[in-house]
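The block underneath contains the structure these notes are about, expressed in structure tokens.
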Amino acid sequence: MTDKTPRDDAFDAIFGSEPATPEQGAPPASGAEPGPVPSSRREARQRAAKTAGEPTDAQEPAIPAESSTPGKDEPSAKPSRAARRAAAADYPPREKRKKSGWLAALLVLVLVGGIGGGGFYVWKTFEPQIRSVMGWQEPIDYEGDGSGEALVSISEGDTGTDIARTLKNSGVTKTTEAFYELLITQPSEPVFHPGVYQLAKKMSAQSALTALLDPKNKIERTVLLREGITGPEILAELSAGTEIPVEEFQAAVADPTIYGVPAEAVSIEGWLFPALYTFDPGLSAQQVIQILVDRTITSLDDAGVPPADRERILTIASIIEREARLEDDFYKVSRVIQNRLAIDMKLEMDSTAQYTDTAKSGSVWSSKEALESDNPWNTYQRTGLPVGPIASPGDTAIKAAMSPADGPWLFFVTVNLDTGETIFTTTVNEHDAAVKQLRTWCAENPDKGC
């Protein structure tokens with residue numbers, strides 16, 4: 001048997017080396033009395049030799065040089081290993097190596113430093129076993145609330161596993177397991193709302209969970225788009241709410257067809273649905289525009305608008321949105337438009353004349369220049385519908401465009417801008433009387449949009 005090397009000792013320390021027990025050798029000689037416990041292994045060997053009637057180590061005769069094997073009459077050089085172990089059975093066995101801190105450090109030096117490449121191979125091959133024996137278990141979680149900033153996005157339909165993976169990939173939690181194992185211990189399943197959350201780097205799983213369930217950590221970019229405003233006004237509102245430069249929005253709407261807008265549409269006008277929006281950080285101008293167009297298509301579909309009629313219905317709905325004040329009147333204005341179109345009567349809607357009037361002051365009265373403009377939106381000069389929408393209509397206007405009220409009306413005028421009271425008539429004389437009523441109200445209220 002060869003002598004053990006330092007590498008052998010290292011392996012023994014890592015993987016265990018059980019000391020031989022008395023059962024592995026010959027039993028103690030019968031009749032032998034135990035006697036006092038030897039104070040050393042040397043004393044144990046001497047006692048074993050004495051028991052066998054042989055000289056002790058100090059008196060052990062040298063083996064003749066010319067004989068490498070003892071002769072028949074020569075005594076054996078030493079008792080067998082089994083005999084010595086049996087005789088020393090009452091000697092306390094060597095205690096199992098303790099996993100002390102200094103031994104662990106020494107092993108690292110021996111394996112990695114002392115043995116060089118061999119130590120590296122051992123570590124790479126047996127790392128799990130080494131960690132298990134040494135008690136070097138890698139923690140799976142951070143501690144505390146973390147530091148810095150990390151944005152975490154939760155999408156509709158994300159599972160606990162999805163969120164755990166997102167947190168780990170974002171540098172929030174140390175491992176996927178840390179967060180997932182925490183989730184399955186909760187008394188009730190946490191409810192996560194889609195959105196972007198501001199967390200920190202290197203948070204404990206518990207801190208991350210608490211932060212995700214706190215609405216204050218959800219980053220919201222809210223934009224309120226009112227019904228009846230125009231495309232340029234919407235782009236300005238979007239820029240202010242999302243902090244995306246308005247130039248990027250202008251570039252994004254240069255080709256409306258990429259969003260599903262029909263090719264006959266002259267611009268994105270009318271397709272940017274007015275509503276309250278909350279946009280996640282990081283969205284591009286094009287992504288924001290797509291959200292608004294998709295919402296418009298949803299409204300058109302809900303109202304039963306055939307895809308081939310979308311641009312036409314939006315054009316009618318945009319006029320209704322700018323002209324009507326009360327909900328019931330939306331359907332009556334729609335009827336006036338349909339009645340005039342049916343007899344090829346010019347619509348003569350001030351809202352269409354004012355669409356390109358950059359000098360308009362918000363008055364209900366159109367300027368002489370606006371009324372006489374030959375632009376393709378001006379229905380005082382153009383028979384039929386304008387070339388396209390003049391604003392962004394909401395759900396009610398779109399429904400009214402599809403389902404006008406029944407009635408013979410060809411005219412209407414709002415006679416009280418405070419209450420929205422509107423008079424619908426069928427003759428020019430009735431209409432002129434209603435217009436006179438509006439002029440009287442404006443004279444009494446000059447600062448209310450007149």
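Seen from the ring of Trp271, Arg295 does not count as a face-on cation partner, given the 6.0 Å and 45° thresholds. Arg325 forms no cation-pi arrangement with Phe330, by the criterion of a distance under 6.0 Å to the ring centre and an angle within 45° of the ring axis.
The CD atom of Gln381 lies 7.5 Å from the CG atom of Asp374; values are rounded to the nearest 0.5 Å. Atom CG of Asp255 and atom CD of Gln286 lie 9.5 Å apart (nearest 0.5 Å). Atom OG1 of residue Thr242 and atom CD1 of residue Ile244 lie 3.5 Å apart, to the nearest 0.5 angstrom. How far CG of Asp406 is from OH of Tyr331: 13.0 Å, rounded to the nearest 0.5 Å. Residue Met203 holds its CE atom at 10.0 Å from CG of Leu209, rounded to the nearest 0.5 Å.
Residue pairs that meet the ring pair (Phe, Tyr, Trp, His ring centres under 6.0 Å) test with at least one member in residues 366-385, sequence neighbours left out, are Tyr355-Trp377.
When Glu227, Glu237, Arg226 are each tested for a side chain to side chain contact (heavy atoms under 4.5 Å, CB included) with Pro274, only one passes: Glu227. No option in Leu235, Leu238, Leu272, Val293 other than Leu238 meets the side chain to side chain contact (heavy atoms under 4.5 Å, CB included) test with Val288.
The two atoms that bring Met349 and Val336 nearest to each other are CE-CG1, 4.4 Å, heavy atoms only. Of all the heavy atoms in Ile184 and Glu181, the pair that sits closest is CG1-O, 3.2 Å. Minimum interatomic distance between Leu167 and Ala208 (heavy atoms only, all atoms of both residues): CD1-CB, 4.3 Å. Shortest non-hydrogen contact noted between Pro262 and Glu311 is CG-CB, 4.2 Å. A pairwise comparison of heavy atoms in Pro386 and Thr379 identifies CD-CG2, 3.8 Å as the closest pair. The shortest heavy-atom contact between Ala401 and Pro404 is O-CD, 4.2 Å.
In this structure the side chain of Thr425 never reaches within 4.5 angstrom of the side chain of Trp409, judged on heavy atoms. Contact of the Ser267 side chain with the Val253 side chain is not registered, since no non-hydrogen atoms from C-beta on lie closer than 4.5 Å. Residues Ile320 and Ile316 form a side-chain contact, since some pair of their non-hydrogen atoms from C-beta on lies under 4.5 Å apart. Residues Asp329 and Lys332 are in side-chain contact: their nearest non-hydrogen atoms beyond the backbone lie under 4.5 Å apart. No side-chain heavy atom of Gln290 sits under 4.5 Å from any side-chain heavy atom of Leu292. Counting only heavy atoms from C-beta outward, the side chains of Glu348 and Arg340 approach each other to under 4.5 Å. A heavy-atom distance below 4.5 Å is found between the side chains of Ile289 and Tyr259. Counting heavy atoms from C-beta on, the side chains of Glu323 and Ile319 come closer than 4.5 Å.
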Inset, instruction - Go through the steps to decide whether Leu213 and Phe192 satisfy the test side-chain contact (heavy atoms from CB on, under 4.5 Å), and finish with yes or no. - result: CA-CA 7 Å; Leu213 297 179; Phe192 299 101; 4.0 Å; yes
Inset, instruction - Just do the salt bridge (charged side-chain N to carboxylate O under 4.0 Å, His left out) check on Arg312 and Asp309 with the steps written out, would you? - result: CA-CA 5 Å; Arg312 177 178 174 274; Asp309 289 342; 5.4 Å; no
Inset, instruction - Evaluate the criterion side-chain contact (heavy atoms from CB on, under 4.5 Å) for residue pair Ile163 and Phe179; output intermediate values, then yes/no. - result: CA-CA 8 Å; Ile163 297 173; Phe179 189 80; 3.9 Å; yes
Inset, instruction - Evaluate the criterion side-chain contact (heavy atoms from CB on, under 4.5 Å) for residue pair Thr222 and Leu276; output intermediate values, then yes/no. - result: CA-CA 7 Å; Thr222 302; Leu276 177 64; 3.2 Å; yes
Legend entry - Derivation and outcome, side-chain contact (heavy atoms from CB on, under 4.5 Å), residues Ile390 and Glu269: CA-CA 7 Å; Ile390 60 171; Glu269 188 70 84; 5.8 Å; no
Inset, instruction - Show the numbers, then the answer: is there a side chain to side chain donor-acceptor pair (under 3.5 Å) between Thr159 and Asp162? - result: CA-CA 5 Å; Thr159 64; Asp162 295 329; 3.0 Å; yes
Report, one line per pair, each donor and acceptor closer than 3.5 Å where one atom sits in a side chain of residues 298-308; sequence neighbours left out.
residue : atom : partner : partner atom : Å
Thr298  : OG1  : Asp294  : O            : 3.0
Ser299  : OG   : Asp395  : OD1          : 2.5
Asp301  : OD1  : Arg310  : NH2          : 3.0

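Within the 3.5 Å criterion, the main-chain N or O of Leu371 finds no donor-acceptor partner in the side chain of Ser366. Ser367 places a side-chain N or O within 3.5 Å of a backbone atom of Ala370 that can act as its donor or acceptor partner. In this structure a side-chain-to-backbone donor-acceptor pair under 3.5 Å is missing from Asp158 to Ile154. Proximity of a side-chain donor or acceptor of Thr210 to a complementary backbone N or O of Gln206 within less than 3.5 Å is detected. Arg382 contributes a side-chain N or O that, together with a main-chain N or O of Leu385, makes up a donor-acceptor pair within less than 3.5 Å. Ser392 places no side-chain N or O within 3.5 Å of a backbone atom of Gly228 that could act as its donor or acceptor partner. Thr185 places a side-chain N or O within 3.5 Å of a backbone atom of Leu182 that can act as its donor or acceptor partner. Judged purely by atom type and a 3.5 angstrom limit, Thr296 uses its side chain to pair as donor or acceptor with the backbone of Phe273.
Side-chain polar atoms of Asn429 and Thr427 form no donor-acceptor pair below 3.5 angstrom. Between the side chains of Thr440 and Gln437, no donor-acceptor pair is found at a separation under 3.5 Å. There is no side-chain donor-acceptor pair under 3.5 Å between Glu143 and Ser204. No hydrogens or angles considered: nothing links the side chains of Thr278 and Glu220 as a donor-acceptor pair under 3.5 Å. For Ser373 and Asn378, the side-chain atoms include no donor-acceptor pair closer than 3.5 Å. Side-chain contact annotation: Glu430 with Thr426, donor-acceptor N/O pair under 3.5 Å present.
Heavy-atom contacts from other residues, nucleotides or ligands closer than 6.0 Å to CD of Gln338 number more than 12. Taking a 6.0 Å sphere around OH of Tyr180, one finds it holds 12 or fewer heavy atoms contributed by other residues, nucleotides or ligands. The environment of Lys218 atom NZ is dense: over 12 non-hydrogen atoms of other residues, nucleotides or ligands sit within 6.0 angstrom. Within a 6.0 Å sphere centred on NZ of Lys436, heavy atoms belonging to other residues, nucleotides or ligands number 12 at most. Within a 6.0 Å sphere centred on CD of Glu149, heavy atoms belonging to other residues, nucleotides or ligands number more than 12. Other residues, nucleotides and ligands place no more than 12 heavy atoms under 6.0 Å from the CD atom of Glu156.
With respect to the salt-bridge test (charged N to carboxylate O, under 4.0 angstrom), the residues Asp280 and Arg221 do not qualify.
Residues passing the salt bridge (charged side-chain N to carboxylate O under 4.0 Å, His left out) test with Lys368, sequence neighbours excluded: Glu372.
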